[in-house]
Every structure is written in structure tokens, then in C-alpha cells.
Amino acid sequence: MSKAAIAEMFARFQAANPNPETELEYASPYQLLVAVVLSAQATDKGVNIATRKLFAEAPTPEAMITLGEAGVTEHIKTIGLFRNKAKNVVALSYLLLERHGGEVPADRDALTALPGVGRKTANVVLNTIFRQPTMAVDTHIFRLANRTGLAAGKNVDAVEAALLRRVPKPYLLDAHHWLILHGRYVCTARKPACDRCLVRDLCNSRDKTDLPPPGSPDHV
DNA sequence: ATCCCGAGGG
DNA sequence: CCCTCTGGAT
């Protein structure tokens, strides 16, 4: 995708959705951090169902520790990888109190030092809470970037670096959420809805593609 | 490279 | 049945 095409792509995203936001439900930086940790290999919809109950009982790190690993597990059993996540949420809450006065640190190294928090989760927190121009590359953005030609890369780190180079600065703060939402609802993994894609004419996969071939049941 | 791991969609 | 979902730790 050319430089001009990329600028056009984000201009359209911005016009269609001036203030894109996460679909995770949270009432504090702490709750967003926990929700993002829980969202690994899970849908936002499923995470929200679990966190409604979880945050009602444990809205703060102190309450989460009191609830304990067994209590957390009960609330998040409907989410995949729940044993690891329950352990991480409690341990992370303990470390937030011990190292950061119970606050979420605005620092990538401090964030990734927490259990269950890797580079992608840290980037989401830095962007969503602290409004830093980070690019968190998840399954949606990795797929969409490579498919459309927005930013090619064999792994998430390469795609992140390419996006930071190619996305025009004025769009960088909101690019993450625009791309996530586009990937979730339009440029989906299996059966992309190209017929209602806002940037269809700019997409490399119009003629050279990893999409299902024309004529197949999955072709849109 | 492997494991973790439930819910929803097709 | 199989694939996908805002990955991280070993």
C-alpha cells in the first residue's frame, strides 16, 4: 500500500469514527489492565461478561487479593486459559500495591514486569489510558496489516515496527482502535466483508490475496 | 516450538 | 467437526 493510500485509509477511518474506543468495559486504569490481561485469546464480549461480576466484587487490587485466586477463578471460568489468568491477576494486583502504590505505571518496562503482561498488553494500556502513540499488534492487526499491505511482517514485532514507521503521526493515537474494530467487524479472519469495506479500493488483497479464491463458498 | 483453554461461529 | 478470539511464559 502506498504512502498516499495509507493516509487516505486513516482519513476515512477518522471520518467514519472520530473517537474510536475499546469495547472492553472498565471503570479505572486498574480494571482496564486486568481486562486486557483476560482478553488474551478470548473475545471482548466474553471478557465483559466475566469482568462485570469480577469487578463488582473486586474493583481494586486490594479487593482482588482478598477475593483470591480461587474466587477469581470462579468468575472467569468461562474464559479460555482461565487458570493462568486467575493466578496472574492476583499476583499482578499484589505487585501493583508493592511496587506502584496500587496505581498502574505509565512505563512499558514496569508493565511488562507484571505477570501476564507482555508487550502487546503494555502497549494497549499505554495507548488507551496514557494516550501514548504505541501500536499494540494483536491477532486482528497482524492479519489486517499483512493482508491489506498496510504493513508487512513475519511476526508481531516486525509489524509493530512497520506500523510505527508507516502510520502518519496525527493518526497514531487512534490507529490501534480503528484497526482492531475494522479487523473485528469487517476484515475478519475467515470471511472478510469486503462488500461493506470502507477501504476496499486501497487494499492489496483486491488482486493478490490470502482471501478465499473467487467462486469458493467463502469468497465475498 | 509448546502449552494454556472456554465460548461462539461456520 | 474445525477455526478464531485485542497473548504470555517456558
Side-chain angles (χ1 to χ4, degrees), chain A residues 13 17 20-26 29 31-54 69 72-93 95 104 108-130 132-147 150-151 153-160 163 167 172-193 210-212 216-220:
Chain A
F13 284 150
N17 186 3
E21 291 174 8
T22 178
E23 294 186 329
L24 291 170
E25 297 170 9
Y26 66 101
Q31 291 183 14
L32 176 76
L33 173 61
V34 172
V36 178
V37 167
L38 296 180
S39 74
Q41 301 291 281
T43 60
D44 277 16
K45 196 170 301 185
V47 171
N48 287 336
I49 291 171
T51 55
R52 259 170 236 151
K53 302 180 298 176
L54 179 66
E69 191 179 324
V72 174
T73 300
E74 278 312 302
H75 289 306
I76 69 169
K77 256 184 180 165
T78 52
I79 306 176
L81 317 179
F82 65 89
R83 274 183 276 269
N84 287 334
K85 288 173 182 177
K87 191 186 306 276
N88 287 334
V89 165
V90 173
L92 155 174
S93 300
L95 289 173
V104 176
R108 184 181 284 128
D109 291 333
L111 285 167
T112 54
L114 300 169
V117 181
R119 186 180 181 88
K120 178 258 167 183
T121 296
N123 280 339
V124 172
V125 171
L126 291 172
N127 179 62
T128 303
I129 299 296
F130 299 107
Q132 292 184 21
T134 59
M135 274 302 322
V137 179
D138 68 327
T139 180
H140 292 303
I141 296 185
F142 183 77
R143 173 185 68 249
L144 187 154
N146 278 301
R147 179 187 282 169
L150 170 62
K154 294 191 196 311
N155 55 59
V156 293
D157 289 330
V159 170
E160 178 183 341
L163 285 170
V167 177
L172 207 46
L173 276 181
D174 290 317
H176 171 70
H177 288 116
W178 280 320
L179 295 175
I180 285 270
L181 294 170
H182 191 65
R184 180 177 298 161
Y185 295 115
V186 182
C187 196
T188 52
R190 272 202 214 173
K191 198 174 149 185
D210 62 335
L211 300 182
S216 79
D218 278 353
H219 184 75
V220 178

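Reminder, nothing fancy here: chain letters follow the sequence lines and each chain counts from 1.
For dC4(B), its base never sits under 3.5 Å from the side chain of R83(A) at any donor and acceptor pair.
Of the possible donor and acceptor atoms, none in the side chain of K85(A) sits under 3.5 Å from a partner among the backbone N and O of G116(A).
Look at T121(A) and you won't find any side-chain N or O under 4.0 angstrom from OP1 or OP2 of dG7(C).
Rounded to an integer number of Å, the gap from L92(A) CG to dA9(C) C1' is 15 Å. Atom CG in N48(A) sits about 16 Å away from atom P in dA7(B), given to the nearest Å. Note: CG (L95(A)) to P (dG8(C)) measures 17 Å, nearest angstrom. Going from atom NZ of K191(A) over to atom C1' of dC3(C) covers 14 Å, rounded to whole Å. Rounded to a whole Å, the CG atom of L81(A) is 13 Å from the C1' atom of dT4(C). With rounding to whole Å, Q41(A) atom CD is found 15 Å from dG8(B) atom C1'. One atom, CZ of R143(A), and another, C1' of dC5(C), lie 9 Å apart when rounded to the nearest Å.
If you take atom P in dG8(C) and the same atom in dA7(B), they sit 22 Å apart, rounded to whole Å.
Within 4.0 Å of I76(A), counting heavy atoms only, lies no atom of the nucleic acid at all. In this structure, V117(A) reaches the sugar-phosphate backbone alone: every heavy-atom distance under 4.0 Å involves primed, P, OP1 or OP2 atoms, never a base. Within the nucleic acid shown, G116(A) comes within 4.0 Å of sugar-phosphate atoms alone, with no base atom in reach, counting heavy atoms only. Using a 4.0 Å heavy-atom criterion, one finds that K77(A) contacts the sugar-phosphate atoms exclusively. Residue V124(A) is classed as a base contact, given a heavy-atom separation below 4.0 Å to a base. Across all strands shown, I141(A) has no heavy atoms under 4.0 Å from either base or sugar-phosphate atoms. I79(A) comes within 4.0 angstrom of the backbone, heavy atoms only, and of no base.
Taking only side-chain atoms of N84(A), from C-beta outward, the nucleotide of dG10(B), dC5(C), dC4(B) with the closest atom is dC4(B). Of the candidates dA7(B), dC5(B), dG8(C), the closest approach to any side-chain atom of F82(A) belongs to dC5(B).
Residues L92(A) and L33(A) form a side-chain contact, since some pair of their non-hydrogen atoms from C-beta on lies under 4.5 Å apart.
Take the nearest nucleotide of DNA chain C for N88(A) and for S39(A): the residue whose nucleotide is more 5' is S39(A).
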